[in-house]
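Below is one structure, written out as structure tokens; comments come after it.
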Amino acid sequence: MNTTFNLKRFFLLEKYKKQETGKHLLWSAGVVLGICILCMMYDINKGMSYYTEHTQAYYFCRYILWYICIAPCLLEPSMTKHNSTLYLLLPASAFEKYLHLWMKYILILPIFCIILILGMKGVLTLSGTGYLSHFGNHMELYIIQKDQILTYSLLQGTFFIGCIAFKQQKLINSFVVLCSCLIAFFGIILSISLWEPADNSHGYWIANISYPIYNFPMSSTGEAIIAFCNYATPPLFIIGTWVSVYFLLKEKQL
């Protein structure tokens with residue numbers, strides 16, 4: 001029998017985790033419904049003149065995306081001496097346990113939330129009530145812009161690896177790590193900006209380095225390198241965090 005992956009053993013693991021996964025999906029449905037109600041309450045509190053132009057339905061799916069990114073740390077239970085022993089003794093390999101987590105938070109949960117959003121949109125649109133129909137008509141799936149890909153990759157990757165790396169207070173510790181990364185990133189940008197020449201028209205301007213409109217000569221090779229870094233960094237980062245989670249889980253199991 002393959003010690004890395006066995007389909008029968010993986011199905012047994014999924015069967016064992018079925019109740020926990022169902023509970024997490026039920027909690028997620030409650031979170032989605034709660035966010036929807038809060039958005040509606042905000043609109044109603046602002047009044048008709050506000051929500052007809054600036055309804056929170058525009059931002060509803062963005063809030064759900066944030067929830068999906070932090071869900072691993074929010075839903076996975078803290079490791080105690082009791083449940084960590086049971087988890088380590090499960091008759092499944094580290095890869096099978098990793099695949100269970102990956103499927104739940106990268107495939108099942110996002111698809112479940114999308115189906116839930118589309119169902120809510122249909123119900124609200126067909127409700128026949130003025131505001132509910134208005135809210136439902138303006139609920140659209142959020143499209144991540146190209147300059148936001150790296151941010152969401154950092155958000156999802158940090159909280160996904162945090163659910164394995166930290167035993168207690170996963171959400172808080174992962175948030176601290178995320179803030180530290182952002183502080184370091186903006187610190188580097190600030191350091192570079194301090195080195196700018198006074199006359200920006202004769203040198204590099206920090207705002208032009210990503211997804212740029214250049215005010216300085218740039219060769220086709222330089223443009224290709226910058227484009228590669230802009231578009232390749234997010235997938236490479238997210239894949240790197242997934243691989244890191246597997247090896248971290250494997251090390252903990254050993």
Side-chain angles (χ1 to χ4, degrees), residues 17 20-21 23-25 27-28 31-32 34-35 59 61-85 87-88 94-110 113 142 144-194 206 209-211 229-254:
K17 291 284 190 177
E20 180 186 78
T21 302
K23 188 194 308 181
H24 289 168
L25 293 179
W27 289 350
S28 298
V31 170
V32 172
I35 292 174
Y59 309 104
C61 288
R62 183 185 299 184
Y63 302 148
I64 303 303
L65 180 59
W66 293 348
Y67 166 72
I68 291 173
C69 289
I70 69 173
C73 287
L74 198 62
L75 298 177
E76 285 300 303
S78 299
M79 297 299 288
T80 62
K81 189 174 182 179
H82 174 67
N83 61 18
S84 62
T85 302
Y87 185 75
L88 292 174
F95 180 75
E96 290 160 353
K97 294 175 182 177
Y98 164 77
L99 189 60
H100 164 76
L101 285 174
W102 189 89
M103 288 179 61
K104 180 163 67 172
Y105 293 114
I106 307 300
L107 291 179
I108 297 175
L109 183 60
C113 288
Y142 180 65
I144 299 176
Q145 303 300 318
K146 63 181 182 180
D147 57 345
Q148 299 173 331
I149 296 175
L150 183 58
T151 302
Y152 282 103
S153 299
L154 180 63
L155 187 65
Q156 196 279 333
T158 302
F159 285 97
F160 188 55
I161 199 171
C163 78
I164 298 298
F166 302 113
K167 293 182 179 180
Q168 303 287 336
Q169 298 179 327
K170 300 173 184 285
L171 186 63
I172 296 174
N173 290 328
S174 298
F175 184 73
V176 170
V177 171
L178 178 65
C179 290
S180 301
C181 292
L182 292 176
I183 290 172
F185 176 73
F186 286 116
I188 293 171
I189 291 180
L190 180 61
S191 300
I192 295 175
S193 65
L194 292 175
I206 191 65
I209 294 182
S210 61
Y211 307 105
C229 292
N230 285 334
Y231 292 104
T233 300
L236 289 176
F237 174 80
I238 201 70
I239 292 172
T241 57
W242 293 347
V243 173
S244 300
V245 167
Y246 167 64
F247 283 108
L248 185 60
L249 186 62
K250 185 176 181 180
E251 181 182 350
K252 290 200 169 192
Q253 180 147 315
L254 292 176

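- Of all heavy-atom pairs spanning Y246 and A94, the tightest one is CE1-C, 4.1 Å.
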Query raised in the report: Step by step, would you call S28 with L75 a side-chain contact (heavy atoms from CB on, under 4.5 Å)?
Result: CA-CA 9 Å; S28 298; L75 298 177; 3.9 Å; yes
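- The two residues C113 and I64 have their closest heavy-atom pair at CB-CG2, 4.1 Å.
- Closest of all the heavy-atom pairs between L154 and F237 is CA-CE2, 3.4 Å.
- Sorted by first then second residue, the salt bridge (Lys or Arg N to Asp or Glu O under 4.0 Å) pairs that include residues 100-110, not counting sequence neighbours, are E20-K104, E76-K104.
- Rounding to the nearest 0.5 angstrom, the gap separating the CD1 atom in I238 from the CD1 atom in I149 is 11.5 Å.
- Between C69 and F159, the shortest heavy-atom distance links the atoms O-CB, 3.4 Å.
- Nearest heavy-atom pair across I161 and S244 is CD1-CB, 3.7 Å.
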Requested in this report: With side-chain contact (heavy atoms from CB on, under 4.5 Å) as the test, would you mind laying out the steps for W102 and L107 before giving the verdict?
Outcome: CA-CA 7 Å; W102 189 89; L107 291 179; 3.5 Å; yes
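- Counting all heavy atoms, side chain and backbone alike, S174 lies closest to C73 at OG-SG, 3.1 Å.
- For the atom pair Y142 OH and Y59 OH, the distance stands at 10.5 Å (nearest 0.5 Å).
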Query raised in the report: Would Y98 and W242 count as a side-chain contact (heavy atoms from CB on, under 4.5 Å) if you check the C-alpha gap in whole Å, the side-chain angles of each, and the deciding distance to 0.1 Å?
Result: CA-CA 9 Å; Y98 164 77; W242 293 347; 3.2 Å; yes
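- For the side chain to side chain donor-acceptor pair (under 3.5 Å) test, no residue two or more places apart in sequence or in another chain qualifies with S153.
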**Report entry** Audit row: Y67, L74, side-chain contact (heavy atoms from CB on, under 4.5 Å) steps and yes/no
**Finding:** CA-CA 9 Å; Y67 166 72; L74 198 62; 3.6 Å; yes
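- Separation of atoms CG (L249) and NE2 (H100) is listed at 11.0 Å; rounding is to 0.5 Å.
- In this structure, the separation between CG on L101 and CD1 on I164 is 5.0 Å, given to the nearest 0.5 Å.
- Counting only distance, with no hydrogens or angles, the side chain of K170 and the backbone of C163 share a donor-acceptor pair below 3.5 Å.
- Once rounded to the nearest 0.5 Å, the distance linking CG of L178 with OG1 of T151 reads 9.5 Å.
- One distance of note links CZ of R62 with CD1 of I35; it measures 13.0 Å at 0.5 Å rounding.
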